[in-house]
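Along the sequence shown, residues carry numbers from 1.
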Amino acid sequence: MIIVLKPNAEKERQEQLIDWLKNLNIGVHVSVGEFQTVLGLIGDTAKVDVDLIGSLDIVDSVKRVSETFKCANRKFHPEDTVIQVGKLKIGGGNFCTIAGPCSVESEEQIVSIAEAVKAAGANMLRGGAFKPRTSPYDFQGLKAEGIELLKIAREKTGLPIVTEIMNLTDLPLFEDVDVLQVGARNTQNFDLLKELGQTRKPILLKRGLSGTLKELLMSAEYIMANGNENVILCERGIRTYSDYLRNTLDLSAVPMLHELTHLPVIVDPSHATGIARIVPPMAMAATACGCDGLIIEVHNDPPRALCDGAQSLRPEDFAELMRKVRSVREAVK
């Protein structure tokens, strides 16, 4: 249920209404916009008298929400959420590009790539320290050492760092990481999501391998219901009948998610396609359809990369792509 308050509603009266609702064991999510304040009610609202609430002189309208996701719902929060990472903003018209290697391999590698992607215009540095791999024999990442190397690259370039967390027990290692990524294989690891809801750190939440949009939003809900509203959604391709690409990049998800939720939506064309030469056109298409940012894999020597070299752009190719993305953004303004 949502309650839209009148623009001139007195603060004291608003607080009285909120306290009354909380006494009914109803959670209240308050969204203060430029023109109106919206109260999103979470819990068993069957006992709330809609007619009584609607008769209050500070209330403009009351309506029940049928969707199971509440905190992530645009009806609860009509204005775009803007996620702050240091001085960087994501969402609400602020475009962000995250770039870097699939895996952190050495200090020289991660620092050189960080310097290159920053020079090309990237806003954040990605790099895997813990790597979920299909085969147990593949490189699993440098783990804690990888995080330390990412921090060195951040110190040298000033770029905030994004890296994937796979296990609750590793959470203390991520204390100084700027954005925690939840990968496609952990999108429905609900114990992990609930714990990340306690952190207040920005969470980059990827869509599951075959996940629906509702499932993605419900995963975001797990994080937000536990107190952390700093969630960035990521469309990274889903498994379909495609036989030439790694996944199918569902770009229709971008405008649909913007309609359903106030959270920022970024796109990962690298994991979606699995082929470096296909990444630039899909990145430009994602930009054209209104995404709030891109996350792109970049490696200084893709043929020798320890992970996902086939989908990684060389630094010079990434720089060219950034020029094209800026042109697309200018064209669709």
Side-chain angles (χ1 to χ4, degrees), residues 1-4 21 26-34 36-45 62-85 89-94 96 162 165 179-184 186-236 238 250-268 289-293 295:
M1 179 183 293
I2 61 173
I3 301 172
V4 180
L21 291 166
I26 300 294
V28 182
H29 179 278
V30 182
S31 175
V32 180
E34 185 177 355
Q36 63 182 9
T37 297
V38 176
L39 307 182
L41 309 192
I42 303 169
D44 182 10
T45 60
V62 185
K63 53 186 174 182
R64 295 194 180 276
V65 177
S66 58
E67 293 92 349
T68 49
F69 56 96
K70 309 298 182 185
C71 298
N73 201 315
R74 186 173 285 281
K75 294 175 184 176
F76 274 43
H77 193 297
E79 297 187 4
D80 290 343
T81 285
V82 177
I83 305 296
Q84 192 98 21
V85 183
K89 294 180 178 180
I90 308 168
N94 301 284
C96 172
V162 182
I165 183 168
V179 177
L180 276 57
Q181 175 182 307
V182 176
N186 270 317
T187 304
Q188 291 186 310
N189 182 342
F190 299 124
D191 286 338
L192 176 61
L193 299 179
K194 285 188 282 188
E195 194 65 28
L196 294 178
Q198 306 291 327
T199 67
R200 305 302 184 268
K201 279 183 175 289
I203 307 298
L204 195 162
L205 178 64
K206 288 196 167 186
R207 186 178 179 182
L209 294 173
S210 302
T212 66
L213 295 186
K214 184 177 180 180
E215 287 170 338
L216 174 61
L217 290 168
M218 289 307 299
S219 293
E221 196 77 9
Y222 265 93
I223 299 170
M224 300 177 76
N226 282 276
N228 186 357
E229 298 184 355
N230 298 306
V231 179
I232 304 162
L233 303 176
C234 181
E235 165 57 41
R236 48 82 67 201
I238 53 175
D250 181 12
L251 289 182
S252 66
V254 176
M256 191 72 249
L257 285 171
H258 278 147
E259 183 176 312
L260 294 169
T261 182
H262 52 91
L263 298 174
V265 181
I266 70 170
V267 173
D268 178 352
C289 75
C291 69
D292 296 297
I295 178 167

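A pairwise comparison of heavy atoms in A253 and R207 identifies CB-NH1, 3.9 Å as the closest pair. The heavy-atom pair separating L196 from N228 by the smallest distance is O-ND2, 3.2 Å. Of all the heavy atoms in I2 and K75, the pair that sits closest is CD1-O, 3.6 Å. Residues G92 and V82 come closest through the heavy atom pair CA-CG2, 4.0 Å. Here the closest heavy-atom approach between residue I90 and residue C96 is recorded as CG1-CB, 3.8 Å. Of all heavy-atom pairs spanning V231 and I83, the tightest one is N-CD1, 3.8 Å.
Between V85 and V162 the shortest side-chain heavy-atom distance does not fall below 4.5 Å. Side-chain contact between L217 and E67 is absent, with no heavy atoms from C-beta onward closer than 4.5 Å. By the 4.5 Å heavy-atom criterion applied to side chains, T68 and K214 are counted as neighbours. With contacts defined as side-chain heavy-atom distances shorter than 4.5 Å, the pair E195/N226 does not qualify.
Note on ring orientation: taking the six-membered ring where Trp is involved, the planes of F190 and Y222 are parallel (angle under 30°, cut-offs 30° and 60°).
Note that CG of L193 is 11.5 Å distant from CD of E221, once rounded to the nearest 0.5 Å. Note: S219 OG to L192 CG = 10.5 Å, rounded to the nearest 0.5 Å. Within the model, atoms CD1 of I266 and CD1 of I232 stand 6.0 Å from one another, a figure rounded to the nearest 0.5 Å. The line from CG of L251 to CD of E235 is 7.0 Å long, rounded to the nearest 0.5 Å. Distance check, rounded to the nearest 0.5 Å: CD1 of I42 to CE of M1 gives 13.0 Å.
Qualifying salt bridge (charged side-chain N to carboxylate O under 4.0 Å, His left out) partners for E215, counting only residues two or more places apart in sequence or in other chains: none. With sequence neighbours left out, the side-chain contact (heavy atoms from CB on, under 4.5 Å) criterion links D44 to A46.
Taking a 6.0 Å sphere around NZ of K201, one finds it holds more than 12 heavy atoms contributed by other residues, nucleotides or ligands.
In this model, no donor atom of one side chain and acceptor atom of the other lie less than 3.5 Å apart for E229 and H77.
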